[in-house]
Amino acid sequence: MSISLSAALIATFAIAVILFLLRAFPFLVFSKKDPPPFVRFIERYIPSMIIAILIVYCLKDVQLTAAPFGLPAIIGLCCTVALHLWRNNSMISIFGGTIIYMVLNSVLR
C-alpha cells in the first residue's frame with residue numbers, strides 16, 4: 001500500500017500540529033494560575049515512582065542462583081547510582097551504567 005506525496009505531507013503536517021498543541025497545552029492551561037493539587041502531586045511523586053518501576057523492571061530477570069550471580073546487573077546499578085551522585089547528570093548515569101553492565105555481561109558470561 002502506498003500513499004501519494006501530498007497525502008503524506010498532509011499527514012505529517014497534521015501530526016506536527018497535534019504534537020505542538022499537546023506540548024503547549026500545559027503551558028497554556030497553567031500559565032496564569034497555580035496548578036491544582038493533583039498536578040502538584042504528580043509533579044512531585046511520579047518521577048520517583050517511575051524510577052522505582054524501571055529499577056524493578058531492569059532487575060526482574062537477574063539470575064542470582066547461577067553464574068555470574070547477577071554481578072553485571074548489581075555492579076551496573078551501583079555504578080549508575082555513583083555516577084548520578086557524582087555528576088548529577090541523568091544521561092551520563094544512564095549511559096555509563098549501561099556501558100559498564102554490557103561490558104561486564106559480555107566478559108563474565
Side-chain angles (χ1 to χ4, degrees):
M1 178 176 136
S2 64
I3 60 172
S4 66
L5 178 61
S6 61
L9 290 175
I10 290 170
T12 302
F13 179 73
I15 291 170
V17 168
I18 291 170
L19 184 61
F20 176 77
L21 292 174
L22 285 173
R23 298 285 186 194
F25 179 74
F27 297 102
L28 296 173
V29 171
F30 299 120
S31 65
K32 302 288 188 222
K33 58 182 178 174
D34 288 334
F38 178 70
V39 174
R40 291 275 186 205
F41 173 82
I42 290 173
E43 178 183 54
R44 182 174 177 139
Y45 294 109
I46 291 295
S48 301
M49 288 188 241
I50 291 172
I51 295 299
I53 290 169
L54 287 174
I55 290 171
V56 170
Y57 179 76
C58 288
L59 297 177
K60 71 178 175 58
D61 292 329
V62 173
Q63 296 292 327
L64 298 175
T65 58
F69 306 105
L71 284 176
I74 294 168
I75 293 171
L77 177 65
C78 292
C79 289
T80 302
V81 170
L83 283 169
H84 192 71
L85 292 175
W86 176 48
R87 302 302 288 171
N88 200 20
N89 185 322
S90 298
M91 296 307 286
I92 291 173
S93 307
I94 292 168
F95 284 120
T98 302
I99 290 168
I100 290 169
Y101 167 76
M102 293 181 79
V103 168
L104 289 174
N105 200 30
S106 65
V107 169
L108 295 177
R109 290 222 177 233

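Keep in mind it's a predicted model, so treat the numbers as computed, not measured. Only this structure's heavy atoms are used, side chains among them; waters, hydrogens and symmetry mates stay out.
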**Asked** Is there a side-chain contact between His84 and Ser90 (heavy atoms, below 4.5 Å)?
**Response** yes
For residues 38-64, which side-chain N or O atoms pair as donor and acceptor with protein atoms under 3.5 Å away, sequence neighbours left out?
| residue | atom | partner | partner atom | Å |
| --- | --- | --- | --- | --- |
| Arg40 | NH1 | Glu43 | OE1 | 3.4 |

**Asked** Which pair of heavy atoms, one from Val29 and one from Lys33, lies closest together, and at what distance?
**Response** O-CE, 4.0 Å
**Note, Thr65 side chain near Phe69 side chain (heavy atom, < 4.5 Å)** = no
**Message:** Hydrophobic clusters here meaning ILVMFWY residues chained together by side-chain heavy-atom distances under 4.5 Å, can you tell me if Ile92 and Ile99 are in one?
**Reply:** no
**Separation between CG of Leu22 and CD1 of Ile15, rounded to the nearest 0.5 Å** = 11.5 Å
**Message:** To the nearest 0.5 Å, what is the distance between CG on Asn89 and CZ on Phe95?
**Reply:** 10.0 Å
**Message:** Can you confirm whether Phe30 is buried at CZ, in the sense that more than 12 heavy atoms of other residues, nucleotides or ligands lie under 6.0 Å from that atom?
**Reply:** yes
**Request:** Indicate the atoms forming the closest heavy-atom contact of Gly76 with Ile100, along with that distance.
**Result:** CA-CG2, 4.5 Å
**Prompt:** Among the clusters formed by ILVMFWY side chains lying less than 4.5 Å apart, do Phe20 and Val17 turn up in the same one?
**Reply:** yes
**Prompt:** So do the side chains of Leu104 and Leu71 get within less than 4.5 Å of each other, counting heavy atoms only?
**Reply:** no
**Complete:** On a heavy-atom basis, the closest approach of Leu83 and Gly96 is CD1-CA, 3.7 Å
**Rounded distance [0.5 Å steps], CG in Asn105 versus OG1 in Thr98** = 12.0 Å
**Message:** Rounded to the nearest 0.5 Å, what separates atom CG in Asn88 from atom OG in Ser93?
**Reply:** 7.5 Å
